[in-house]
Amino acid sequence: MSVAATEQLRAFEEQYIPFPPFVAAKEAIESNLNLFRESGLARHMLVLGEAGTGKSSLCRWLLAQHPVAHLPERDHISVLVVTIPPAATVGGNAESILRSLGDPDWGRGTITNKTARIVTLIKGCGVELILFDEAQHLQDRGDVRMHYMVADWFKHLIDEISIPTVMLGLPRLEQLLQTNEQLRRRFSRRIKLALGQSDTDSVETECLQLFLSLASLIHTPVTASPYAPQEMGMRLYYASDGRVAYIKKLLFAAMQLSMELDYETIDTEVLERAFREEIWVHAEGKLNPFHQDFEFRRLDRGGEPFQLSDTLGHGRTRRG
Ligand SMILES: Nc1ncnc2c1ncn2[C@@H]1O[C@H](COP(=O)(O)OP(=O)(O)OP(=O)(O)O)[C@@H](O)[C@H]1O
Ligand SMILES: [Mg+2]
């Protein structure tokens with residue numbers, strides 16, 4: 001592949017599209033940040049979304065808007081992003097926060113000592129907002145009692161630091177909040193990153209719009225022929241489960257195919273092949289959203305690409 005083609009693929013991968021739930025979440029978070037700056041009030045929020053709905057991208061986007069300022073005496077970290085590690089104890093979570101704050105001795109001290117250092121560093125670095133990504137990991141380990149303890153430590157920390165925070169994670173994060181009423185009350189504001197929440201547009205229209213916005217970033221023309229726009233929107237919804245990651249994956253693979261095979265247009269046959277190669281190897285005929293025989297249903301049964309994260313590993317399957 002030529003350098004120009006590789007560059008085109010890279011540029012496509014890095015572009016952000018302001019699709020409606022992404023914008024709604026970004027605006028809600030920024031409004032909490034502004035409220036804090038103006039009044040000192042710390043409001044908290046939960047951002048929930050299945051895998052590939054854009055949670056980590058949202059964190060990166062906010063960080064890019066509020067970058068760390070490296071000052072001679074100390075870094076000024078307006079927005080802090082902490083990735084919650086899998087199956088961590090209270091101590092493990094405290095260490096992750098200390099590392100994000102740049103504490104070279106993040107592993108040293110008791111939990112009380114680490115917590116006190118977090119509070120001091122947050123104040124010293126001027127942190128105004130914390131985003132906890134992968135927050136569902138908070139309830140990966142142990143039983144309800146353990147979840148309660150982790151949630152309780154978080155509640156204390158949040159009260160101590162008195163700045164707005166956001167927990168971003170898979171929908172099962174809500175179960176953690178069920179174990180601790182005090183934490184639940186603090187995170188009562190919830191935003192979902194999924195498409196399909198608009199009062200004015202159907203989920204098909206939203207998928208089509210997102211697809212067209214992403215398609216406009218690439219040089220090869222994209223056509224939905226022989227499908228009408230509304231039908232193409234439906235097919236895109238079933239092909240992506242309404243998640244930005246899959247629409248992007250699909251177009252990325254279609255772009256690669258068209259570059260390798262010198263196609264002048266990305267049509268539904270290219271998309272059909274891209275879906276099979278990139279998203280689901282078993283997507284033949286009626287199970288491929290871009291095939292004319294597609295049976296128009298969600299591909300979320302056992303073994304299908306959009307089996308819900310909640311049902312994985314529990315031996316259950318959902319029927320569409
Ligand atoms: N606003 C956006 N515009 C364009 N692409 C996006 C946008 N948001 C996310 N993406 C793309 O979707 C893909 C998945 O995004 P991301 O990793 O943020 O999802 P996630 O919700 O954090 O997933 P996971 O739960 O698996 O961590 C990435 O390729 C990213 O570039
Ligand atoms: Mg992520």
Side-chain angles (χ1 to χ4, degrees), residues 6-30 45-65 79-88 96 100 130-140 166-176 190-198 203 206-218 222 236-237 239-256 274-275 277-280 300 305-313:
T6 319
E7 181 52 35
Q8 220 195 110
L9 286 168
R10 198 188 55 75
F12 174 74
E13 185 53 39
E14 286 174 3
Q15 286 278 349
Y16 286 102
I17 299 289
F19 63 97
F22 191 89
V23 174
K26 169 184 95 56
E27 285 178 353
I29 295 171
E30 291 204 309
M45 180 182 321
L46 214 56
V47 175
L48 302 171
E50 290 289 346
T53 48
K55 302 177 294 294
S56 303
S57 303
L58 182 61
C59 293
R60 279 194 294 275
W61 194 89
L62 285 159
L63 201 55
Q65 301 303 304
V79 172
L80 182 73
V81 178
V82 178
T83 303
I84 301 291
S96 297
S100 313
I130 309 187
L131 308 170
F132 293 105
D133 195 14
E134 302 276 7
Q136 77 281 350
H137 283 157
L138 289 174
Q139 48 111 236
D140 274 355
V166 183
M167 285 201 195
L168 303 99
L170 297 177
R172 68 180 154 90
L173 171 58
E174 275 191 301
Q175 290 164 19
L176 174 82
R190 278 142 214 226
I191 292 203
K192 293 200 168 137
L193 265 187
L195 294 178
Q197 304 177 79
S198 163
V203 71
E206 284 191 323
C207 284
L208 186 66
Q209 276 165 357
L210 181 53
F211 177 79
L212 293 175
S213 305
L214 284 164
S216 73
L217 304 173
I218 61 188
V222 181
L236 284 164
Y237 169 64
S240 65
D241 198 43
R243 304 186 212 176
V244 58
Y246 289 97
I247 298 188
K248 208 165 181 182
K249 237 176 198 262
L250 199 64
L251 270 171
F252 189 92
M255 249 170 109
Q256 257 181 321
F275 185 83
E277 290 186 4
E278 201 56 38
I279 299 181
W280 192 32
D300 63 350
F306 307 119
Q307 185 181 0
L308 289 179
S309 56
D310 294 6
T311 63
L312 284 172

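Indexing begins at 1, ligand by ligand and atom by atom, following the structure's order.
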Among all protein heavy atoms, pick the one closest to [atom] and tell me residue, atom and distance.
atom: atom 1 (N) of ligand 1; value: I17 O, 2.9 Å
atom: atom 31 (O) of ligand 1; value: K248 NZ, 3.0 Å
atom: atom 27 (O) of ligand 1; value: E134 OE2, 3.7 Å
atom: atom 19 (O) of ligand 1; value: G54 N, 3.2 Å
atom: atom 17 (O) of ligand 1; value: S56 CB, 4.1 Å
atom: atom 23 (O) of ligand 1; value: G52 N, 2.9 Å

Check whether any N or O atom of [X], backbone or side chain, sits under 3.5 Å from an N or O atom of ligand 1, and answer yes or no.
X: L214; result: no
X: R60; result: no
X: F22; result: no
X: Y16; result: no
X: L170; result: no

query = Under the 3.5 angstrom rule, does the side chain of K55 hit a backbone N or O of E50 as a donor-acceptor pair?
reply = yes
inquiry  = Check whether K26 reaches the backbone of L62 with its side chain - one donor and one acceptor, N or O, closer than 3.5 Å.
reply    = no
request  = Could you check which of C59, S57, G169 puts a non-hydrogen atom nearest to atom 8 (N) of ligand 1?
outcome  = S57
query = Counting backbone and side chain alike, does S56 bring an N/O/S atom below 2.8 Å of the Mg ion (ligand 2)?
reply = yes
Look up atom [atom1] in [X] and atom [atom2] in [Y], then write down how far apart they are to the nearest 0.5 Å.
X: S57; Y: F22; atom1: OG; atom2: CZ; value: 6.0 Å
X: M167; Y: R190; atom1: CE; atom2: CZ; value: 10.5 Å
X: K192; Y: Q197; atom1: NZ; atom2: CD; value: 7.0 Å

Considering the heavy atoms of [X], write down every atom of ligand 1 situated less than 4.0 Å from one of them.
X: E13; value: 29 (O), 31 (O)
X: Q15; value: 3 (N), 4 (C), 5 (N)
X: V244; value: 5 (N), 6 (C), 7 (C), 8 (N), 9 (C), 10 (N), 12 (O)
X: A245; value: 12 (O), 13 (C), 14 (C)
X: F19; value: 1 (N), 2 (C)

